[in-house]
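Notes to accompany the following structure.
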Amino acid sequence: MTSTAPETQRGQDAGDPLGEQPTSWQRRLRRFGHVPRPETPLRDRLDPPYTRPGRQVWSVLAIPPQVADRLVRWSGWGGPLLVTLVAGLLRFWRLDQPKAVIFDETYYAKDAWALVNQGYEGSWPKDVDKLILKDPSSVPIPTDPGYVVHPPVGKWIIGFGEQLFGFTPFGWRFMVAVLGTISVLLLCRIGRRLFRSTFLGCLAGLLLAVDGLHFVMSRTALLDLIVMFFVLAAFGCLVVDRDRSRRRLADALPVDEEGVLRPDARIAETLRLGWRPWRLGAGVMLGLAFATKWNGLYVLAAFGLMTVLWDVGARRTAGAARPYMAVLRRDLIPAFLSTVPVAIVTYIVSWTGWIVTDKGYYRNWAATEGKGSSWGWLPDWLRSLWHYENQVYDFHVGLTSGHTYESNPWSWLVLGRPVSYFYEEQTGCKESSTGKCAAEVLAIGTPLLWWLACFALAYVVWRWLFRRDWRAGAIACGVAAGWVPWFFYQERTIFLFYAVVFVPFLCLAVTMLLGAIVGPAAGTGARADLGLTSKDPTGERRRTLGAIAAGVLVLLIIWNFIYFWPLYTGTSIPEDLWRDRMWLDTWV
């Protein structure tokens, strides 16, 4: 039930798809932990089955077999929905607190309100936040265009919540909290599909639900959580597409007289996989991601390469002698057309509000300053938009002004410098030895989860390189796509909360590590991974100890989230207790 490496999955994309002897490089890598792929049925390697809880679990709980089977069927959705319900209750509890415009809400909440009311962002006067909090109806929307440096999708989403619940803290945080909650459900289902285990899928979602950075960003009207949602949705679409295309490939392969599926080089190299709507959906999601913030472009490139390599692995497993050439001929162009052009069109469509008005910033540039250009045959709106994008790019790469809470991406995984969104000091606090209380919203991940994730990432990379586990490679790709690009802009002003984009993949990495700590269940790969047989009592003892260790780690992470709860929600606590939670000097 909890194995991250069932026998039917391990090494399914490694070389030697026909089960020949390992190559020389594989033999050399054994000293680092590489193990050859065990002999498993070809269909299970192309379309692995889901693990099921052993009968002994239901026996201990005194649940009849018929009821147990029904619970197993329902758990695929019931478990994720239960975890999502918990995450939603946490995120919507006192969502309007603090009743303030915190951190960059001062930009996005107001831009969103102008966008949904007039189609373009306005130039708001300074010090208008207090008036908005006091009486938003008395604050007119400025008609003069405002210069904004992020695409509009995230602000449209924030604005939708404002249309529902008003120009208030609850209104501008509502839709972000909705997406934060749904992202937990997405991760449960994605984790279940990745690991072929409902338990591990729900565990990944639970870890996301109790991550402090994801929690804070789900309760704040900023854009990065919205980018994370679309990136995660795109990843989920690609994982579903991978499963469906491999199942289609398996269904096309021949079956011998004994009913065993056999590889076939001709079919593996020539079969067209047909219509792939989930890959198209990924293109839309990735377009929405970089139509919220431009860092989604890097994810588009990384995920595009990843899905093509998945096709290579599928055709190799099916028996293709030249899988790269087969993918080049059959899959590369459809993969490109399903993602890149779709994402670009999605991005352009997101600017519709700006295009159909004549007052947006730089909207009339082509007809004024840009008049007489050699590109004059293009529509004015397109040339104006292109000029706007160039100006925004220059702004982003030139943003080097210092900030109190800026941090280098090298420090993100260890939470070197979190961001304080809100801080309020209160005097006359009798519970504190200093006579003061403090209320703060601190954008910081749950420390124990993130520090464990450092080890989990090392395990994931090792497993990808030396166990040839595609799931580890997918998780590493998700982390790298959201993290590595920031290393190219280390001179730029950047913040820890940008890391929320790859937090779901950190949770998947920790889940994979915890699954490995528990170990595979009897009969699901114990021989391959641990040198144990299903009847070996030592294996059961090791699994019991592993389950206890993993359970303790999860409980410590949940405790750590509860301990930092006041700093995530802006709850007023005695200053002594606030200082106790400043574990590192750089957190102050």
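Keep in mind that what you see is a predicted model, and the values were worked out from it rather than measured.
- A donor-acceptor contact shorter than 3.5 Å is absent between the side chain of R276 and the backbone of A335.
- A heavy-atom distance below 4.5 Å is not found between the side chains of I444 and L213.
- R219 and H214 share no donor-acceptor pair across their side chains, judged by distance under 3.5 Å alone.
- When side chains are defined from C-beta on, Y498 does not count as touching W483, because their heavy atoms never get closer than 4.5 Å.
- Closest non-hydrogen pair, V503 versus L208, comes out as CG1-CD1, 3.6 Å.
- Note: F561 and F215 have perpendicular aromatic rings, judged against thresholds of 30 and 60 degrees for the angle between ring planes.
- Within the 4.5 Å cutoff, the side chain of P263 has no heavy atoms near those of the L253 side chain.
- In F160, the CZ atom is not crowded: 12 or fewer heavy atoms of neighbouring residues, nucleotides or ligands sit closer than 6.0 Å.
- Note on ring orientation: taking the six-membered ring where Trp is involved, the planes of F466 and W462 are tilted (angle from 30° to 60°).
- Open room surrounds CH2 on W464; 12 or fewer heavy atoms of other groups in view lie less than 6.0 Å from it.
- Between the T339 side chain and the A282 main chain, no donor and acceptor come within less than 3.5 Å of each other.
- Here the closest non-hydrogen pair linking L200 and G515 is CD2-CA, 4.3 Å.
- At a threshold of 4.0 Å, the pair R471-D469 counts as salt-bridged, since one of the basic side-chain nitrogens sits closer than that to a carboxylate oxygen.
- By the 4.5 Å heavy-atom criterion applied to side chains, R322 and E269 are counted as neighbours.
- Residues R246 and D47 are not paired through a salt bridge, judged by the lack of any N-O separation under 4.0 Å between the basic side chain and the carboxylate.
- For R247, the CZ atom sits in a packed shell: over 12 heavy atoms of surrounding residues, nucleotides or ligands are nearer than 6.0 Å.
- Annotation: W559, atom CH2; neighbour count of heavy atoms from other residues, nucleotides and ligands within 6.0 Å is above 12.
- Of the charged side-chain nitrogens involved, none lies within less than 4.0 Å of a carboxylate oxygen, so that R330 and D311 do not count as a salt-bridged pair.
- Under the 6.0 Å distance and 45° angle rule, R192 does not count as a cation-pi partner of W77.
- In this structure, F505 and F303 have perpendicular ring planes: the angle between them is above 60°, well past the 30° mark.
- Annotation for Y324: atom OH does not count as buried by contact number, only 12 or fewer foreign heavy atoms lying within 6.0 Å.
- Looking at D331 and R315, their side chains come closer than 4.5 Å, going by heavy atoms from C-beta outward.
- By the 4.5 Å heavy-atom criterion applied to side chains, L280 and W275 are counted as neighbours.
- For the 3.5 Å distance criterion, the side chains of W450 and D211 qualify, holding a donor opposite an acceptor.
- For D44 and R196, the salt-bridge test fails: no basic side-chain N is under 4.0 Å from an acidic carboxylate O.
- Separation of atoms CG (D241) and CH2 (W310) is listed at 8.5 Å; rounding is to 0.5 Å.
- Across all non-hydrogen atoms, the minimal contact from S75 to P80 is O-CD, 3.3 Å.
- The shortest heavy-atom contact between A509 and V460 is CB-CG2, 3.8 Å.
- A donor-acceptor pair shorter than 3.5 Å can be found between the side chains of W294 and Y347.
- With values rounded to the nearest 0.5 angstrom, L452 atom CG is found 10.0 Å from L556 atom CG.
- At a threshold of 4.5 Å between non-hydrogen side-chain atoms, the residues L413 and L457 count as touching.
- Taking both residues in full, the closest heavy atoms of L42 and L261 are given as CB-O, 3.9 Å, listed atom of the first, atom of the second, then distance.
- Proximity of a side-chain donor or acceptor of T446 to a complementary backbone N or O of G212 within less than 3.5 Å is detected.
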| message | Is there a side-chain contact (heavy atoms from CB on, under 4.5 Å) between F290 and L300? Walk through the geometry before answering. | response | CA-CA 8 Å; F290 83 83; L300 171 62; 4.3 Å; yes
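- With hydrogens and angles ignored, the 3.5 Å screen pairs a side-chain donor or acceptor of T352 with a backbone N or O of V349.
- By the 4.5 Å heavy-atom criterion applied to side chains, P409 and I494 are counted as neighbours.
- A salt bridge links R43 to D251: one of the charged nitrogens lies within less than 4.0 Å of a carboxylate oxygen.
- Because its NZ or CZ atom is both nearer than 6.0 Å to the ring centre of W470 and within 45° of the ring axis, R242 counts as a cation-pi partner of that residue.
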| query | For F174 and F92, what are the C-alpha separation, side-chain angles and deciding distance, and is it a ring pair (Phe, Tyr, Trp, His ring centres under 6.0 Å)? | reply | CA-CA 8 Å; F174 175 78; F92 280 95; 5.7 Å; yes
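- Pairing each heavy atom of V153 with each of S350, the nearest pair is CG2-CB, 3.4 Å.
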